[in-house]
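By convention in this document, chain letters (A, B, ...) are assigned in the order of the sequence lines, proteins followed by strands, and residues within each chain are numbered from 1. Note that the coordinates shown come from a computational prediction; the quantities given were computed from them, not determined experimentally.
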2 protein chains.
Amino acid sequence: MSQDRTGVDLETSLGYLLKEASSALRTAMEAVLRPLGMSVTHYSCLELLAQRPGLSNSELARGAFVTRQSMNVLLQALERDGYVSRPGEAPVGKALPTRLTPLGRRSLEEATVAVRAVELRMLGGMTEDEQSDAFRILQSMIRSLRNDPRNGD
Amino acid sequence: MSQDRTGVDLETSLGYLLKEASSALRTAMEAVLRPLGMSVTHYSCLELLAQRPGLSNSELARGAFVTRQSMNVLLQALERDGYVSRPGEAPVGKALPTRLTPLGRRSLEEATVAVRAVELRMLGGMTEDEQSDAFRILQSMIRSLRNDPRNGD
DNA sequence: TGACTCATGTCAGTATTCTGACATAGATTG
DNA sequence: CAATCTATGTCAGAATACTGACATGAGTCA
């Protein structure tokens, strides 16, 4: 009504709102992780390893939504500082299974408390049904975005 | 059941799913904008200016979810290449109102077509009601994340 | 008026992530 | 068996975004 462009209206765009929500979540997580000297990707990596021990660099990268090159930089730092360990040789193929050290596990525990608080705050004010709706809807968006029409389906 | 950690379960975490959806959207947008030689932030800046002409650098930064320093670097490049124009002196205060040039407008039109296709693909398979739910739920998340309990209130 | 606070534009340096490239291990295929 | 394809780890350089800092203009308040 305020325009006749056929473009994307930021005020009503779900894409824009998704970006806004993601940005707000990231900012909130950075705020609670900063005092622990930990970045969001750093935390994501440790959390992935806690839940799925033995993930390779490439698998961690996909799980944290960064490139394997970026994850490699992080893993080298984490290994140097004693938070994770990797075997010197790959047991099979080239993939090096990574594991948390006791130090890494302790470090993660602090962070998890902080991050869980953020997640609970985000969920505050939402009913159980709304949380289910949110889950289903976000998964629908992801599915639709993944199947690229140019890949000939 | 697969664990007794009291942590965040990635499989059922709305935060993780939000990040995944946002990552998928960003990847899809990068894919269609790359052939046009445009980044997501670049596009966001032009789209903001089309809908709200005269925004300042700081306002554009907030709208594109980056720092004003990052947006300043982008604006200088866009101004140098003739996509936007800024007055040499601030009409009031220090804020420089930015506007699209005809070249910038033409450049944006191409991008808008591509981005709208991505947004429509993301919405594919969602009913009108689900889109309304998504809108309301995302806004609820943003609101909850913004009001920081440590800010008193 | 003068001190103070706040928002802005901008410079400089740092950190993080990305793209490009290469070599290698395993799987697939003829 | 040989060729090809795919996935992986890693190095190097470029692009992007960030933090820190400073000066300036406008509003607030005593």
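- A side-chain donor from one of B/E119 and A/S13 sits under 3.5 Å from a side-chain acceptor of the other.
- Nucleotide C/dT8 holds its P atom 11 Å from the NZ atom of B/K94, rounded to whole Å.
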Anything under 3.5 Å between a protein N or O and an N or O of nucleotides 1-5 of chain C, put it in a table, one pair a line.
none

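- At least one donor-acceptor pair closer than 3.5 Å links the side chain of B/S44 to the backbone N or O of B/V40.
- Nearest-nucleotide mapping onto DNA chain C: of A/G93 and B/A95, the residue sitting toward the 5' end is B/A95.
- A salt bridge links A/E30 to A/R26: at least one charged side-chain nitrogen sits closer than 4.0 Å to a carboxylate oxygen.
- Applying the side-chain contact (heavy atoms from CB on, under 4.5 Å) rule to B/Q69 yields the partners B/T67; only residues at least two apart in sequence or on another chain are considered.
- With sequence neighbours excluded, the residues that form a side-chain contact (heavy atoms from CB on, under 4.5 Å) with A/T12 are A/D9.
- Side-chain atoms of A/S140 never come within 3.5 Å of backbone atoms of A/R136 as a donor-acceptor pair (strictly under, hydrogens ignored).
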Show every donor-acceptor pair shorter than 3.5 Å between a side-chain atom in residues 94-102 of chain B and any protein atom, with sequence neighbours excluded, or say none if there are none.
unit_1	atom_1	unit_2	atom_2	d
B/T98	OG1	B/L55	O	3.3
B/T98	OG1	B/L96	O	3.4
B/T101	OG1	B/G82	O	2.6
B/T101	OG1	B/Y83	O	3.1
B/T101	OG1	B/L103	N	3.4
B/T101	OG1	B/G104	N	3.1

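- For B/R62, a side-chain nitrogen or oxygen approaches OP1 or OP2 of C/dT8 to under 4.0 Å.
- Distance check: B/S144 OG to A/L25 CG gives 11.5 Å after rounding to the nearest 0.5 Å.
- Looking only at distances, a side-chain donor or acceptor of B/Q51 sits under 3.5 Å from a matching main-chain atom of A/L10.
- Between A/E89 atom CD and C/dG26 atom P the separation is 11 Å, expressed in whole Å.
- Neither OP1 nor OP2 of C/dT16 sits under 4.0 Å from any side-chain N or O of A/S39.
- Between the CZ atom of B/R26 and the C1' atom of C/dC18 there is a distance of 11 Å, rounded to whole Å.
- Protein chain B contacts DNA chain D over a range whose 5' and 3' limits, counting nucleotides with an atom under 4.0 angstrom from a non-hydrogen atom, are D/dA17 to D/dA26.
- Mapping A/R34 and A/L96 onto DNA chain D by nearest heavy atom places A/L96 closer to the 5' end of the strand.
- For the segment residues 64-79 of chain A, residues with any heavy atom less than 4.0 angstrom from an atom of DNA chain C are, sorted by number, A/V66, A/T67, A/R68, A/Q69, A/S70.
- Although no hydrogens or angles enter the test, the distance criterion places no donor-acceptor pair under 3.5 Å between the side chain of A/S22 and the main chain of A/L18.
- With a 4.5 Å cut-off on side-chain heavy atoms, A/L123 and A/E130 do not count as touching.
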